[in-house]
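Every chain is numbered from 1 and lettered A, B, ... according to where its sequence line falls, protein lines coming before strand lines.
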Amino acid sequence: MTGWELHARLPHTLPAGEIRAINNPSGAIHEHRTYHWNGWDFDLPPGVFHPGETSRLVHSRLLDGTLPVAGLRYAAMGAGLGVEAVVAGVRGAGVVYALDVHPESVRTTARHYERIVGTDGPPLVPLVADVWEGFPDGEQVDVVTFNPPAIELPLSDDPEIVRNLCLGRDIAARFFGQLVARDLLAEGGVVYLILSNTAPLRDIVAMALESGFGAEVLHVEDWEGDNVQTYLFALRRESRTGEG
Amino acid sequence: MHEHYADAIADPDHIRLAPDLVCLRFEVMKVRSALGAVRHLLATGVVRPGDTLVDSSSGIYALALALACHRYGMRCHIVGSTTVDETLRIQLEILGATLERMPPSKDLMLDQNRRVERVGQLLLENPGYHWMRQYHDSIHYAGYREVAERLDRELPLEPLTIVGGVGTGASTGALAEYLRAMGRDVRLTGIQPFGSVTFGAQHTADPDMIIAGIGSSIEFRNVRRDLYDRIHWVSFRYAQAGAVALLRDSGIFAGLSSGAAYLACQWERHRAPGRTMVFLAPDTGHRYVSAAFADHADVPDPAELSPHEVSGSDDVLLPWSVADWATDMPAQRDASRLPVGVPGWSS
Ligand SMILES: C[S@@+](CC[C@H](N)C(=O)[O-])C[C@H]1O[C@@H](n2cnc3c(N)ncnc32)[C@H](O)[C@@H]1O
Ligand SMILES: Cc1ncc(COP(=O)(O)O)c(C=O)c1O
């Protein structure tokens, strides 16, 4: 099932109270933290996102090859601490672009990449960018992953928490708008987008469809103990693939 | 007594032109916005004195930011274009701001992208740099809080209609938002040039020059369309008529966006009895002398001009159109709305 037929089956956004109960951001974002995954150690300066289960749904699928990147031009949008970039490097992407609006996140990604992937791996292009604004013109990518901070509630006044979690549908609108307007996704390219029903999931998928993408669900996670559902989508330009 | 020149030129003069018509006349309005933003960043600890503030700009914001940096002991780094004029370039140099100039192309979106790419490089290499993002960061509203408070004190009673050109939307948006938050009855009328995407008139074009400071060919997230009740689209020629009339009628020598606001204000006045019209005059007339004032004898008399009243941006027509702005967009959900007032900083 793809396209609008799929859209009609997608879950509605959870009530605000439920979202607040699940996402209870703490002040820890202002501290120095560490993260350990797949035998790798990451260190997180203040402001850099600490991955959760949603992030790991993407990380583990990049690692096991479900989301192929070998030989492809790959972009980690909203790179954060850099796990996706590191995995794509290890999995032999052709080139890895790491984009984030938060300069410290981009520096952190570059540091982790250098330490874990090293100079023998594919080249890393670290970019401080506002979604795609700042991505070099005339270049294209084949694969993009994006775990957008798309919750649409002001969970906090803290700008660091807002940037990491709650920018709403606006960030997705700009992501698709610029990707299409500047033709940044190569022929046959794919965007892997992960969204939960804590965000306006349906509206964001509608935006992708309206921007000319076809949508396919690769995975649904129905977490135990709450009503959160997380969807991993593969989005491809319709006109290019001729997919229905 | 002002503590700094920037404060002096940032505060507007309130000039009553008629019982129901007030002009907020600025020397350089953008300085108010830049001062407020920098002060907010310092007060919230996002930046410290000595840090560098960076943004892309080729216009008046570059000077405004350089002055705000001078005022608060910050460094300033501007990524601009080779078209930056000499008056601006020399002032920036003497103020100690760094100006990088990149050649412009025909495509504004790509130019903006290249400048952001350069800003991104600077941010990556320099941990002490902070990106101002005047088009998108709502901290640029903060400085207008004092303007709203003073207006509230000077015009304590009557319902207000604020009229002003919309560039980034910070000045008009903030005035309306702060005054409404004080419980005031405020209507907001925005002025746009033809061709601007901001309120959906990108399918039109002005045959003459552009009106500096208002309108845009790219999306500015600081424009909050849901705040506006009415939009006027005004041609260069008609803005010129307004600017000449403003000087003739009141002695105020102001720029083209001021002229357009004055024109719209005069027309709206008679249609909104009981409201006081307050229009913004964001800059002086000096830079427009040859383009707008020199042929003053040939410009039409505003009393003879009237707009096409249209139902929305699809129908706008030269040389002047007005529409009620009933936004079909959901109220903007951007979580970072108005910067909250910083205790102890409001004058
Ligand atoms: C939910 S975190 C995801 C981090 C990482 N990809 C992961 O999954 O663990 C969202 C990231 O998006 C970044 N971000 C927020 N606004 C952005 C923008 N306008 N452009 C690029 N990145 C942005 C944040 O800085 C943050 O690193
Ligand atoms: C002459 C002039 N008019 C109007 C404006 C619009 O102000 P804002 O960016 O607050 O919408 C500006 C801003 O630079 C300006 O320079």
Enquirer: Against chain B, label A:P159 side chain, backbone, both or neither, depending on which of its atoms sit under 4.5 Å from a heavy atom there.
Expert: neither
Enquirer: Given the options A:P136, A:A110, A:A129, which has more heavy-atom pairs under 4.5 Å with chain B than any of the others?
Expert: A:P136
Enquirer: In terms of heavy-atom contacts, does CZ of B:R48 have more than 12 from other residues, nucleotides or ligands at under 6.0 Å?
Expert: no
Enquirer: Counting neighbours of CZ on B:R118 that are heavy atoms of other residues, nucleotides or ligands and sit closer than 6.0 Å, is the number greater than 12?
Expert: yes
Enquirer: So what's closer than 4.5 Å to chain B heavy atoms on A:R174: side chain, backbone, both or neither?
Expert: side chain
Enquirer: Decide, yes or no, whether a salt bridge links A:R182 with B:D107 under the criterion of side-chain N to carboxylate O below 4.0 Å.
Expert: no
Enquirer: With a 4.5 Å limit on heavy-atom distance, are the side chains of B:N113 and A:W132 in contact?
Expert: no
Enquirer: Which heavy atom of A:A181 sits nearest to which heavy atom of B:M109, and what is that distance?
Expert: CB-CE, 4.5 Å
Enquirer: Which of these passes side chain to side chain contact (heavy atoms under 4.5 Å, CB included) with A:P103: B:L123, B:L124, B:N126?
Expert: B:L123
Enquirer: Working to the nearest 0.5 Å, report the span between CZ of B:R133 and CD of A:E133.
Expert: 9.0 Å
Enquirer: With a 4.0 Å cut-off, would you call B:R114 and A:D137 a salt bridge?
Expert: no
Enquirer: For the CG atom on B:L122, are there more than 12 heavy atoms of other groups (residues, nucleotides or ligands in this structure) within a distance under 6.0 Å?
Expert: yes
Enquirer: Can you tell me how far apart CZ (B:R221) and CD1 (A:I171) are? Round to the nearest 0.5 Å.
Expert: 8.0 Å
Enquirer: To the nearest 0.5 Å, how far apart are OG1 in B:T44 and CG in A:D158?
Expert: 10.5 Å
Enquirer: Tell me whether the count of non-hydrogen atoms from other residues, nucleotides or ligands lying under 6.0 Å of CD in A:E104 goes above 12.
Expert: yes
